[in-house]
**Q** 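The following block contains the structure, expressed as C-alpha cells.
Residue numbers run from 1 in the order of the sequence given.
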Amino acid sequence: MCRLLIYKGTSPVQLSHLLTRPVHSIINQAFDSRLRVDLRRPINGDGFGVGWYDSVYDEELGHQPCIFTSITPAWNNVNLTRLAEKIKSPLVFAHVRATTAGSLSLDNCHPFVHGKIMFMHNGGIEQFPKIKRRLQQQLPDEIFHVVNGNTDSEWSFALFLSKLRNPNAQSFTHTELQKAMLETIASLNQFAEEAGVSQPSLLNFCVTDGVSVVATRYVSSRNDAAASLWFSSGTDFQECSEGGGGHYKMSKADKRENIIMIASEPLTFEKADWMEIKTNYMIVVTEKMNVLLIPIIDKFYVPPSDPDGQSRDIDLAVAKGFYSHPK
C-alpha cells in the first residue's frame, strides 16, 4: 500500500508538521502503521516524494511546484528532515511508496508534475499491461513524451493531462480538473472492459493546480470497498499542549475552514478529527476552501438508498494493504 497526504490551507504550514513531527505522520505510517486493518503491517520503503507550491508567487521561480523525491526509505532520509524544518507551503502533496508496478527509481516516485499540475495515486490498475498500449494510443505526442517512468500511475497521469483542453495553461477551474478526472476514470474502465479485465482496479487519484484539489476514492466494482481515504478540516492543526510528544489535533475554533487535509490514513488518533470519504466519491477543494463531496456515477456506483451500498466488502482493499480505519 502506498500512502498519500494532501494539505491545503489559507496559511502556509511548515512541512515538518505534516511529514516528520506527528507521531502518526505519513513518514511514521510508512514503517509503523497503527491503523491499518492488514495485520501484516508491511512497510512503505520503496521511495517517497513531496511536492509544494511557493507561499508567494515569484516571477523568476514561476508557478510550477517544487518536487523532492528519493528512492531511500522516507524515515531514513536526513535531507527530508532538514528540508521539512525549513519549508512552508499553503499546498502540499506527499507520498510514500510500496511498489505494485514499475521499478524502484526516482522516475517512478510520486507526485508527478507537468507545468502547474501535480498528481499522485494510491492503488493499482489491474492487469495494466493488457491496457497499456490502448492507453498510449490515446495520447497526443506531446503528452506521450511527458512520461519518464514505467508505472500505471504515471501513465494514468498522462491520460489525465490528455483530457485537459490545455495542460500547459496557467490556470484551471476546479470544474475543469473534476471533468478531466471523471473522463480519465471512464477511459480506464473502457480500456479494461475492452481487454476483458474483470478484476477491480483501485483508483485513488489526486490532482492539483496549486489552487484547487480533486481527489477520488474509487474502485471499479459494485461490491468491493475502495482503498481508504479520509479528510479533516478546521482552523488549526497543531501539537497538543498537554502531553505533546508528537500528538496533534485539528482544532475548530469557528465555522471557517482554514485547513483541509486529505489522507489515505489519518494523521491523528482522534476519530472526531476525520471523516471517511465514501467509496466511489470525489472530494473537491475549491479555491475558496469549499469542500464538495460528489458521487462518481457510473455502472459501479451504488446509491445510498440501495442496501448493497452500505455493505461493500473490504477484503479486496485489505488483502492488497490499501485499507485503514481508526480504532
**Q** Under 6.0 Å between ring centres: does that hold for H17 and F237?
**A** no
**Q** Is there side-chain contact between E265 and L5, with at least one heavy-atom pair below 4.5 Å?
**A** no
**Q** For the residue pair S232 and D273, confirm or rule out a side-chain donor-acceptor distance under 3.5 Å.
**A** no
**Q** Near K163 NZ, under 6.0 Å, is it more than 12 heavy atoms from other residues, nucleotides or ligands?
**A**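 Buried by this count: over 12 neighbours within 6.0 Å.
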**Q** Aromatic ring centroids of W155 and F112 under 6.0 Å?
**A** no
**Q** Quick check: closest heavy atoms across N204 and A226, and the distance to 0.1 Å?
**A** OD1-CB, 4.3 Å
**Q** Under a 4.0 Å threshold between the charged nitrogen and the carboxylate oxygen, would E176 count as salt-bridged to R165?
**A**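 So R165 pairs with E176 through a salt bridge.
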**Q** Using a strict 4.0 Å threshold on nitrogen-to-oxygen distance, state whether K8 and E287 make a salt bridge.
**A**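 So K8 does not pair with E287 through a salt bridge.
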**Q** How many angstroms lie between NE2 in H95 and CD1 in I67, if you round to the nearest 0.5 Å?
**A**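 Reported to 0.5 Å precision, the distance equals 12.0 Å.
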**Q** So, the side chain of R222 versus the backbone of V302: is there a donor-acceptor pair under 3.5 Å, distance only?
**A**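 No; zero donor-acceptor contacts below 3.5 Å.
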**Q** Measuring only between side-chain heavy atoms, which start at C-beta, is T208 closer than 4.5 Å to I117?
**A**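 Not in contact.
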**Q** Looking only at side chains, do S70 and N77 share a donor and an acceptor under 3.5 Å apart?
**A** yes
**Q** Determine, step by step, whether Y57 and H63 satisfy the side-chain contact (heavy atoms from CB on, under 4.5 Å) criterion, reporting the C-alpha distance in whole Å, the side-chain angles of both residues, the deciding distance to 0.1 Å, and the verdict.
**A** CA-CA 7 Å; Y57 172 68; H63 292 281; 3.4 Å; yes
**Q** When you check the gap from the basic side-chain N to the acidic O, do E239 and K249 get nearer than 4.0 Å?
**A** no
**Q** Assess the side chains of E257 and S233: does a donor N or O sit below 3.5 Å from an acceptor N or O?
**A** yes
**Q** Can you name the nearest heavy-atom pair linking F300 to V219, along with the distance?
**A**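 Heavy-atom minimum between the residues: CB-O, 4.1 Å.
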**Q** Regarding H174 and S212, do their side chains bring together a donor and an acceptor under 3.5 Å, going by distance alone?
**A**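 Distance-only check fails for H174 and S212.
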**Q** Do L15 and W52 come close enough that some side-chain heavy atom pair is under 4.5 Å?
**A** yes
**Q** So, N150 and N108: side-chain donor and acceptor under 3.5 Å apart, yes or no?
**A** yes
**Q** Which pair of heavy atoms, one from T184 and one from F160, lies closest together, and at what distance?
**A** OG1-CA, 3.2 Å
**Q** Do the charged groups of K130 and E194 touch, with an N to O distance under 4.0 Å?
**A** no
**Q** Grab the two heavy atoms, one from F191 and one from I131, that are nearest each other, plus how far apart they are.
**A**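 Taking every non-hydrogen atom into account, O-CG2, 3.6 Å.
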**Q** Are any non-hydrogen side-chain atoms of P140 and S162 less than 4.5 angstrom apart?
**A** yes
**Q** Test T69 against F48 for side-chain contact (heavy atoms from CB on, under 4.5 Å), laying out the working first.
**A** CA-CA 6 Å; T69 58; F48 68 87; over 6 Å; no
**Q** Could you tell me if the side chain of M118 sits less than 4.5 Å from the side chain of Y53, heavy atoms only?
**A** yes
**Q** Is the side chain of T279 donor-acceptor paired with the backbone N or O of A225 at a distance under 3.5 Å, no angle test?
**A**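 Side chain of T279 to backbone of A225, a donor-acceptor pair under 3.5 Å: no, none is there.
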**Q** Give, for atom CG of N122 and atom OG of S228, the distance between the pair rounded to the nearest 0.5 Å.
**A**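 Here the rounded value is 7.0 Å.
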**Q** Indicate, with yes or no, if the rings of F119 and F205 have centres closer together than 6.0 Å.
**A**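 Ring centres of F205 and F119 closer than 6.0 Å.
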**Q** Check whether any side-chain heavy atom of C109 lies under 4.5 Å from a side-chain heavy atom of I71, and answer yes or no.
**A**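 They are in contact (side-chain heavy atoms under 4.5 Å apart), so the answer is yes.
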**Q** Test Q14 against every option in K88, E85, K86 by the side-chain hydrogen bond (donor to acceptor under 3.5 Å, both in side chains) rule and name the one that passes.
**A**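 Of all the options given, the one that passes is E85.
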**Q** Under the side-chain contact (heavy atoms from CB on, under 4.5 Å) criterion, do R256 and M289 qualify, and how do the steps go?
**A** CA-CA 9 Å; R256 293 175 300 168; M289 298 293 285; over 6 Å; no
**Q** Tell me, yes or no, whether the heavy-atom count around Q199 atom CD, taken from other residues, nucleotides or ligands under 6.0 Å, exceeds 12.
**A**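 Enclosed: over 12 neighbouring heavy atoms sit under 6.0 Å from CD of Q199.
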**Q** Any heavy-atom pair between the side chains of L19 and V50 that's under 4.5 Å?
**A**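 With C-beta onward as the side chain, the pair touches.
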**Q** With hydrophobic residues grouped by side-chain heavy-atom distances under 4.5 Å, do I277 and V213 end up in a single group?
**A** yes
**Q** Count I, L, V, M, F, W, Y as connected when their side-chain heavy atoms are under 4.5 Å apart, and connections chain through other members. Are I297 and L293 then in the same cluster?
**A**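 Result: yes, single cluster for both.
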**Q** Side chains of N168 and H114: is there a donor and an acceptor less than 3.5 Å apart?
**A**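 Yes, side-chain donor-acceptor contact under 3.5 Å.
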**Q** Using modelled atom types only, decide if a donor and an acceptor are shared between the side chain of Q64 and the backbone of L61 within a distance under 3.5 Å.
**A**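 A pair under 3.5 Å: yes.
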**Q** With rounding to the nearest 0.5 Å, note down the distance linking CD1 in I262 to CE in M275.
**A**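 CE of M275 is found 12.5 Å from CD1 of I262.
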**Q** Over all heavy atoms of both residues, which pair between T235 and A253 is shortest? Give the atoms and the distance, please.
**A** OG1-N, 3.0 Å
**Q** Between L177 and D209, is a side-chain contact (heavy atoms from CB on, under 4.5 Å) present by the stated rule, with each step listed?
**A** CA-CA 9 Å; L177 299 179; D209 63 341; 4.1 Å; yes
**Q** Kindly work out whether a path of hydrophobic side-chain contacts (I/L/V/M/F/W/Y, heavy atoms less than 4.5 Å apart) joins V211 to I283.
**A**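 No, no single cluster joins them.
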**Q** Is the shortest heavy-atom distance from the side chain of Y7 to the side chain of I259 under 4.5 Å?
**A**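 Y7 reaches I259 side chain to side chain.
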**Q** Rounded to the nearest 0.5 Å, what's the gap from OG on S251 to CG on N258? Could you check?
**A**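 If I round to the nearest 0.5 Å, the distance is 11.0 Å.
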**Q** Does any N or O in the side chain of D152 come within less than 3.5 Å of the main-chain N or O of I125, such that one atom is a donor and the other an acceptor?
**A**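 It does hold such a pair.
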**Q** Which heavy atom in R312 sits nearest to a heavy atom in D224, and how many Å separate them?
**A**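 It is NH1-O, 2.7 Å.
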**Q** With a 3.5 Å cut-off and no angle check, do the side chains of Y218 and D298 form a donor-acceptor pair?
**A** yes
**Q** What's the separation between atom CZ in R82 and atom CD1 in I87, rounded to the nearest 0.5 Å?
**A** 13.0 Å
**Q** Give a yes or no answer on whether the side chain of H110 reaches the backbone of G49 with a donor-acceptor pair at less than 3.5 Å.
**A**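 The answer is no, because no donor-acceptor pair under 3.5 Å joins these two groups.
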**Q** Distance check, rounded to the nearest 0.5 Å: T268 atom OG1 versus W274 atom CH2?
**A** 6.0 Å
